[in-house]
Q: 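Sharing a structure below in structure tokens format, with a few things to ask.
Since the model is a prediction, treat every value here as computed from it, not as a measurement. One-based numbering along the sequence shown.
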Amino acid sequence: MSNQWTLEDLYAGVRRSWGVLAAIVAAFVVVSVAAWALLPQAYTATAQHTVEPITALSSGSSFNTVNMETERLVATSAVVLERAAEALGEESGASVGALADATVVQVPRGSQVLTFEVTTPSPEQSAEWANAVASAYGAHRSANARAVVEQTTADLGQSIERLQAVYDSQPAGSDAREATQLQLDALLEEQARLQATSFFPGTLVTPATAVAESNRPGNLVFIVGGLFLGLIVGSIAALLVSRHRRGSGVAYSRDPGAASADSEAGASPFDETPADGRRDDAFTGTGVRPGAGHPRSLPGVPVAELREGQPS
């Protein structure tokens with residue numbers, strides 16, 4: 001004996017309980033459509049801001065380059081987001097926490113550009129917040145550079161005053177006074193360079209605009225997914241229901257001769273004869289006993305001989 005099922009057997013089982021399959025598929029499709037309808041919509045707006053090197057903050061071999069990874073972290077720092085929240089105002093609902101959750105800053109490879117991506121339930125709000133954060137970053141960078149220059153200039157001024165006092169106290173024409181003069185000249189030159197520093201942090205080259213499409217996938221994706229899952233689950237459920245309807249005491253006869261006869265008759269494991277000799281049809285409610293007009297009730301006997309012995 002063998003309990004192996006062929007594809008035809010599985011198809012027969014699913015076909016006998018097609019109502020179960022159809023109900024489960026329909027349920028999965030309905031649930032997927034409901035999930036799509038309940039999924040909140042989100043809109044992402046993108047703004048791009050260039051990052052220009054500020055000479056007061058650069059030196060050595062990196063004079064014309066910027067550490068973009070550092071700038072990316074600065075762009076989402078609390079001080080930048082506080083500036084953006086103040087610019088947006090309380091009526092916009094923007095706060096440091098809300099802006100931090102909604103904003104993602106990326107750096108395109110090999111560029112000196114920051115990309116600000118802001119996601120909110122409103123396309124207009126996303127665009128407004130993205131532009132505010134990008135502008136706040138530029139303003140913060142400029143203010144930070146200006147503060148560094150002002151502090152450095154003040155420190156240089158104090159050093160120049162001290163050297164000037166030393167210079168005035170030294171004898172005229174002495175070597176010490178000439179050395180002090182060289183130091184004063186160097187500090188004065190550095191002070192002049194800092195005072196001429198440009199505080200251009202970059203430009204908002206691509207302002208964010210309100211997008212028309214949300215980030216939510218289309219309903220067709222959900223419907224196809226629900227249909228696919230429904231077919232899988234429904235087929236398994238249909239097979240289980242068909243097996244349950246046949247009863248737990250069904251014995252399958254699969255010797256070579258019977259298998260050939262079953263194939264010719266189009267039989268499946270769901271049509272076999274139970275071990276007690278009685279065949280119950282789950283759909284017609286009829287029962288057939290061996291020898292009572294059932295041509296397959298005597299395995300090994302030709303069907304033609306059985307039919308000859310039956311009354312016409």
Q: Would you say Ile236 and Phe228 are hydrophobically clustered, going by side-chain heavy atoms of ILVMFWY under 4.5 Å?
A: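 Ile236 clusters together with Phe228.
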
Q: Any non-hydrogen side-chain atom of Leu204 less than 4.5 Å from a side-chain atom of Asn131?
A: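 Yes. Closest side-chain heavy atoms under 4.5 Å.
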
Q: Dump the intermediate steps for side chain to side chain donor-acceptor pair (under 3.5 Å) on Arg162 and Ser159, then the final yes or no.
A: CA-CA 5 Å; Arg162 288 194 298 267; Ser159 298; 3.3 Å; yes

Q: Taking atom CG of Asp155 and atom CD1 of Ile160, what is their separation to the nearest 0.5 Å?
A: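 Rounded to the nearest 0.5 Å, the CG-CD1 separation comes out at 11.0 Å.
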
Q: Less than 4.5 Å apart, any side-chain heavy atom of Leu227 and any of Phe28?
A: no

Q: Quick one: salt bridge (charged side-chain N to carboxylate O under 4.0 Å, His left out) partners of Glu189, sequence neighbours excluded?
A: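 Expected list: none.
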
Q: With the side chain counted from C-beta on, respond yes when Met68 and Leu114 share a heavy-atom pair under 4.5 Å apart, and no when they do not.
A: yes

Q: Under the criterion side-chain contact (heavy atoms from CB on, under 4.5 Å), which of Leu231, Leu229, Val30 is the partner of Val25?
A: Leu231

Q: Say whether, by atom type as modelled, one donor and one acceptor occur between the side chain of Ser111 and the main chain of Pro108 under 3.5 angstrom.
A: yes

Q: Would you give the length of the straight line joining atom OH of Tyr167 to atom CG of Leu184, rounded to the nearest 0.5 angstrom?
A: 8.0 Å

Q: Could you check whether Ser126 and Thr120, counting side-chain N and O atoms only, form a donor-acceptor pair closer than 3.5 Å?
A: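 Looking only at side-chain atoms, Ser126 and Thr120 do form a donor-acceptor pair, the distance falling under 3.5 Å.
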
Q: I'd like to know if Val149 and Leu188 are part of one continuous hydrophobic network [Ile/Leu/Val/Met/Phe/Trp/Tyr, side-chain heavy atoms within less than 4.5 Å].
A: yes

Q: For a 4.5 angstrom cut-off between non-hydrogen side-chain atoms, does Val105 reach Thr115?
A: no

Q: In Å, rounded to the nearest 0.5 Å, how long is the span from CG of Asp101 to CG of Leu81?
A: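 So the gap between those two atoms works out to 10.0 Å.
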
Q: With a 3.5 Å distance limit and no angle check, can you tell me whether Ser169 reaches the backbone of Val166 through a side-chain donor-acceptor pair?
A: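 Checked: pair present.
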
Q: Evaluate the ring planes of His49 and Tyr137, with Trp represented by its six-membered ring, and classify them as parallel (under 30°), tilted (30 to 60°) or perpendicular (over 60°).
A: perpendicular

Q: Would Val233 end up clustered with Leu21 when hydrophobic side chains under 4.5 Å apart are linked, directly or stepwise?
A: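 Result: no, two separate clusters.
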
Q: If I compare all heavy atoms of Gly93 with all of Ala98, which pair ends up nearest, and what's the gap?
A: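 Here Gly93 and Ala98 meet closest at O-CB, 4.3 Å.
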
Q: How many angstroms lie between CG in Leu187 and CD in Gln158, if you round to the nearest 0.5 Å?
A: 12.0 Å

Q: What's the verdict on side chain to side chain contact (heavy atoms under 4.5 Å, CB included) for Thr180 and Gln170, showing C-alpha distance, side-chain angles and the deciding distance?
A: CA-CA 9 Å; Thr180 302; Gln170 293 173 336; 3.0 Å; yes

Q: Which atom names give the shortest non-hydrogen contact between Ala84 and Leu99, and what distance separates them?
A: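 Shortest heavy-atom contact: CB-CD1, 4.0 Å.
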
Q: Considering all heavy atoms of both residues, which atom of Pro53 and which atom of Gln112 are nearest to each other, and what is their separation?
A: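 Nearest pair, atom of Pro53 first, then Gln112: CD-NE2, 4.1 Å.
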
Q: Is there a side chain to side chain contact (heavy atoms under 4.5 Å, CB included) between Glu117 and Thr103 once you walk through the steps?
A: CA-CA 6 Å; Glu117 298 178 354; Thr103 305; over 6 Å; no

Q: Could you measure the distance from the CG atom of Leu88 to the CD atom of Gln125? Nearest 0.5 Å is fine.
A: 9.0 Å

Q: Could you list the residues that satisfy salt bridge (charged side-chain N to carboxylate O under 4.0 Å, His left out) with Glu71, not counting sequence neighbours?
A: Arg141

Q: How close do Ala45 and Ala130 get, counting heavy atoms only, and between which atoms?
A: O-CB, 4.0 Å

Q: Do Val74 and Val113 share a hydrophobic cluster (ILVMFWY, side-chain heavy atoms under 4.5 Å, transitive)?
A: no

Q: Any chance you could measure Glu190, atom CD, to Asp185, atom CG, to the nearest 0.5 Å?
A: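 It is 13.5 Å, given to the nearest 0.5 Å.
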
Q: Can you list every side-chain hydrogen bond (donor to acceptor under 3.5 Å, both in side chains) pair that touches residues 77-98, not counting sequence neighbours?
A: none

Q: Honestly curious: do Val224 and Val31 fall in one hydrophobic cluster under the side-chain, below-4.5 Å linking rule?
A: no

Q: Is there side-chain contact between Val33 and Ile223, with heavy atoms separated by less than 4.5 Å?
A: yes

Q: Do you know the tightest heavy-atom contact between Ala85 and Ala94?
A: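 So the two residues come closest at CB-O, 4.1 Å.
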
Q: Heavy-atom distance under 4.5 Å between the side chains of Glu69 and Val107, does that happen here?
A: no

